[in-house]
Structures are given as C-alpha cells and as structure tokens.
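For reference, the structure is listed below as structure tokens.
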Amino acid sequence: MQEIFDSISAALQAGKAKAVKELVEQALAENIPAKDILEQALLPGMDVIAVKFKNNEVYVPEVLIAARAMNTGTALLKPYLAESGAKPVGKAVIGTVKGDLHDIGKNLVRMMFEGKGIEVADLGVDVSPERFLESYRSEKPDIVALSALLTTTMPEMKDIVDAFVAAGVRDQVIIMVGGAPVTDSFRESIGADIYAADAASAAEEAKRAILRKRGERA
Ligand code: B1M
C-alpha cells in the first residue's frame, strides 16, 4: 500500500494531475480507504511542496501545478468521504477571504462538511465581506465558514464579522474561521464563534454547532 501512496505523493509533487487521477482511481479500485489516500498520500505530498516552497526550492508555478494535482485527487475522494445516507443537517456558506487565493484547505473543509450532511454554497476565493453578506441573505446558512492562509489576509476575517454586526444579523449565524495562520485566540479577538485546526474537526464542530443552534442533540 505504501508503494501507491508514495507514487501518488511523487506525482502530486511533480504536478502531474493526470497521473494523480489515475493512481487515486487505482487506489480506490483496490479498496484503499479514501481517508488513507488523503492522509497518507495527498497531504504528505503537499507538505513536501510546502517545505520546498518555504526554502525557495520550488516557486509559485510549481506550487500552482502541484495544487491543481492535489485538487484533482481530492475531488475523486469526495463521494467516498461522504457519510452514506446522511440527511442534510444544515447549510453553510464557505469561502477564502478577500486577497487570498489559497483554496486547497477550503475545498477539503467543504468536502468534509458535505460528508457530514451539511449543504455547502462555495463562494470560491478572494471573497469580500459584502459577498459573504449577500450570500448570507440569499442562502440563509446556519454557518459562515472563512478560510485564510496568509497573515496579511487574516484581518479580512474581522471585517467580515464586523459587516455581519453592522447588518444586524451577527447573532443569527455561526461564524467559523480556520487556515494555517489562524488560531483560537485570533478567533476570540475578532468575535468569531468557532476555530478549527483541520478540515475533519471543522466538520465535526460545524455539525455540533448547527444541531445546538437548531435545538437538536449532536
Ligand atoms: Co502560498 N503561501 N502564496 N500559494 N502557499 C503559503 C500559505 C505560505 C505559508 C508559504 C511560505 O512562505 N512558507 C506563505 C504565507 C506566509 C504568511 O502569510 N506568513 C505563502 C505565500 C507568501 C504566498 C504568496 C504571497 C507567494 C507569492 O506570490 N510570492 C502567494 C499569495 C497569493 C494570494 O493568495 N494572494 C501564494 C500563492 C500560492 C499558490 C497560488 C502558488 C498556491 C495556492 C494554490 C491553491 O490553493 N489553489 C500556494 C500554496 C499551495 C501554498 C502552500 C505551499 C500550501 C498551502 C496548502 O494548500 N496546504 C502554503 C505553505 C503552507 O501552508 N505551509 C503557502 C495544504 C492544505 C490542505 O492546508 O490550506 O492549511 P491548509 O488547510 C488546512 C488547515 O489550515 C485547515 O484545514 C486544512 C487541512 O485539514 N483549514 C481550515 C483551512 N481552511 C480552514 C477553514 C476552517 C477550518 C479549517 O473553517 C472555516
């Protein structure tokens, strides 16, 4: 099994989306659990890229094609990460904040939410506070989920919380924040409700909070 994980990781690092697709399909056909493919092949591959990017051993174009390969792989896992027959527990609006184009983590959170039976309206990346608010009004979600990967875009999260306060709807929605530089103390400082460190706990926390909000038991 380790062999196919290593091949997927290597293909991802080389940005070979087609090879990632084929190898992930092969792994699924061999009944390797989707969670293991994610945690033992795709995420470690992306971690290698992250370290190389930090050390200036690879640059934006290489990281971008690796990210595309990652998104190709995770998209294939989506149906397998969903809990079978889960009835919708609620609705979320998700997006990466304004000025920030990182979407891999956000896409994983969306997938895990869907896996828990939470319907998701995905606004994509570079989403302004106004768009989050508009989407709150049109979608009526239980939860608004914000992702940021840059220290320079984290303050956007506060602007979004403030926009909901100014619109008089802050107490009607759960605001969740996450992304590599985000912490629970940052969450507290901006008046958001929930911080989650990873996609799986984000989905757990979101489901629990929605059921609490709706007065049902988690
Ligand atoms: Co960017 N980048 N990047 N980048 N990039 C980082 C974030 C960086 C840490 C790399 C580094 O220097 N070490 C650094 C930020 C430094 C800082 O802010 N202090 C950085 C930089 C500087 C930049 C640019 C400025 C580079 C440049 O142009 N010179 C530029 C900015 C562009 C912009 O956004 N405006 C840039 C561009 C890019 C690419 C476009 C090339 C590409 C993104 C492609 C894409 O997303 N489609 C990219 C990538 C891939 C990275 C790294 C290497 C990997 C990020 C990633 O996808 N990780 C990253 C290095 C790193 O993180 N160590 C880096 C895998 C992913 C699964 O993890 O997103 O953390 P993550 O998600 C996790 C958790 O954080 C959590 O769940 C996920 C896992 O379970 N999570 C949530 C995420 N969102 C959540 C929301 C929640 C809850 C949990 O609730 C709502």
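Just so you know, ligand 1 is whichever comes first in the structure, and atom 1 is the first atom listed for that ligand. Not measured: the values here are computed from a predicted model. Both backbone and side-chain heavy atoms feed into the values below; hydrogens, waters and symmetry mates do not. For reference, positions follow the sequence shown, starting with 1.
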Is [atom] in close reach of the protein, with a heavy atom under 4.0 Å away?
| atom | value |
| --- | --- |
| atom 7 (C) of ligand 1 | yes |
| atom 16 (C) of ligand 1 | no |
| atom 3 (N) of ligand 1 | yes |
| atom 20 (C) of ligand 1 | yes |

Shortest protein heavy-atom distance from [atom], along with the residue and atom involved:
| atom | result |
| --- | --- |
| atom 87 (C) of ligand 1 | G178 CA, 3.4 Å |
| atom 54 (C) of ligand 1 | M46 CE, 4.3 Å |
| atom 75 (O) of ligand 1 | A180 N, 3.1 Å |
| atom 44 (C) of ligand 1 | A67 CB, 3.5 Å |
| atom 88 (C) of ligand 1 | A196 O, 3.4 Å |
| atom 40 (C) of ligand 1 | L64 CD1, 3.5 Å |
| atom 35 (N) of ligand 1 | G99 O, 2.9 Å |
| atom 81 (N) of ligand 1 | G179 N, 3.6 Å |

Would I4 and D6 satisfy side chain to side chain contact (heavy atoms under 4.5 Å, CB included), going step by step from the backbone distance to the final call?
CA-CA 5 Å; I4 192 155; D6 291 344; over 6 Å; no
Do the side chain of [X] and the main chain of [Y] share a donor and acceptor less than 3.5 angstrom apart?
| X | Y | result |
| --- | --- | --- |
| E62 | Y59 | yes |
| S135 | R131 | no |
| D198 | A200 | yes |
| R208 | A203 | no |
| S9 | F5 | no |
| R187 | I190 | no |

Within 6.0 Å of [atom1] in [X], more than 12 heavy atoms from elsewhere:
| X | atom1 | value |
| --- | --- | --- |
| E188 | CD | no |
| K35 | NZ | no |
| K21 | NZ | no |

Looking only at distances, please establish whether an N/O atom of ligand 1 is found under 3.5 Å from an N/O atom of S147.
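Indeed, backbone or side chain, S147 has an N or O that close.
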Does any N/O atom on T151 come nearer than 3.5 Å to any N/O atom on ligand 1?
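Yes.
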Within the 4.0 Å heavy-atom shell around [X], which atoms of ligand 1 are there?
| X | result |
| --- | --- |
| K54 | 13 (N) |
| L108 | 67 (C) |
| D198 | 76 (C), 77 (O), 80 (O) |
| A145 | 91 (C) |
| A202 | 88 (C) |
| D100 | 34 (O) |
| L146 | 86 (C), 91 (C) |

I49 to ligand 1, any heavy atom closer than 4.0 Å
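Flag not set, I49 not near ligand 1.
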L43 to ligand 1, any heavy atom closer than 4.0 Å
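For ligand 1, residue contact (heavy atoms, under 4.0 Å) with L43 is present.
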Can you give me every donor-acceptor pair (side chain of residues 97-112, partner residue at least two apart or in another chain, under 3.5 Å) with its distance?
| residue | atom | partner | partner atom | Å |
| --- | --- | --- | --- | --- |
| D100 | OD1 | H102 | N | 3.1 |
| D100 | OD1 | H102 | ND1 | 2.8 |
| D100 | OD2 | L149 | N | 2.8 |
| D100 | OD2 | L150 | N | 3.2 |
| D100 | OD2 | T153 | OG1 | 2.8 |
| D103 | OD1 | N71 | ND2 | 3.3 |
| K106 | NZ | D122 | OD1 | 3.1 |
| K106 | NZ | D122 | OD2 | 3.0 |
| N107 | ND2 | N71 | OD1 | 3.2 |
| N107 | ND2 | D103 | O | 3.2 |
| R110 | NH1 | D122 | OD2 | 2.6 |

Nearest neighbour of atom 47 (N) of ligand 1 from the list D103, L42, N55, on a heavy-atom basis:
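Looking at heavy atoms only, D103 sits closest to atom 47 (N) of ligand 1.
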To which of A199, G105, A197, A50 does the heavy atom nearest atom 74 (C) of ligand 1 belong?
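Nearest option to atom 74 (C) of ligand 1, by heavy atoms: A197.
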Is there a side chain to side chain contact (heavy atoms under 4.5 Å, CB included) between L133 and R137 once you walk through the steps?
CA-CA 6 Å; L133 201 52; R137 291 193 170 116; 3.9 Å; yes
Indicate the atoms forming the closest heavy-atom contact of P88 with E119, along with that distance.
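For P88 versus E119, the nearest heavy atoms are CB-OE2, 4.4 Å.
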Shortest non-hydrogen contact from P129 toward E156
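Nearest heavy atoms, P129 then E156: CD-OE1, 3.8 Å.
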Identify whether NZ of Lys or CZ of Arg in K78 sits under 6.0 Å from the centre of the six-membered ring of Y80 and within 45° of that ring's axis.
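Here K78 fails the 6.0 Å and 45° test against Y80.
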Step by step, work out the salt bridge (Lys or Arg N to Asp or Glu O under 4.0 Å) result for K52 and D47.
CA-CA 9 Å; K52 287 188 173 170; D47 279 347; over 6 Å; no
Could you tell me whether Y195 and F186 have their ring centroids closer than 6.0 angstrom?
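Here the rings of F186 and Y195 have centres that are no less than 6.0 Å from each other.
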Determine, for K213 against D142, whether the closest basic-nitrogen to carboxylate-oxygen distance falls under 4.0 angstrom.
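Between D142 and K213 there is a salt bridge, with a charged N closer than 4.0 Å to a carboxylate O.
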Suppose the cut-off is 2.8 Å; how many protein N/O/S atoms fall inside it around atom 1 (Co) of ligand 1?
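Protein N, O or S neighbours of atom 1 (Co) of ligand 1 under 2.8 Å, waters not counted, come to 1.
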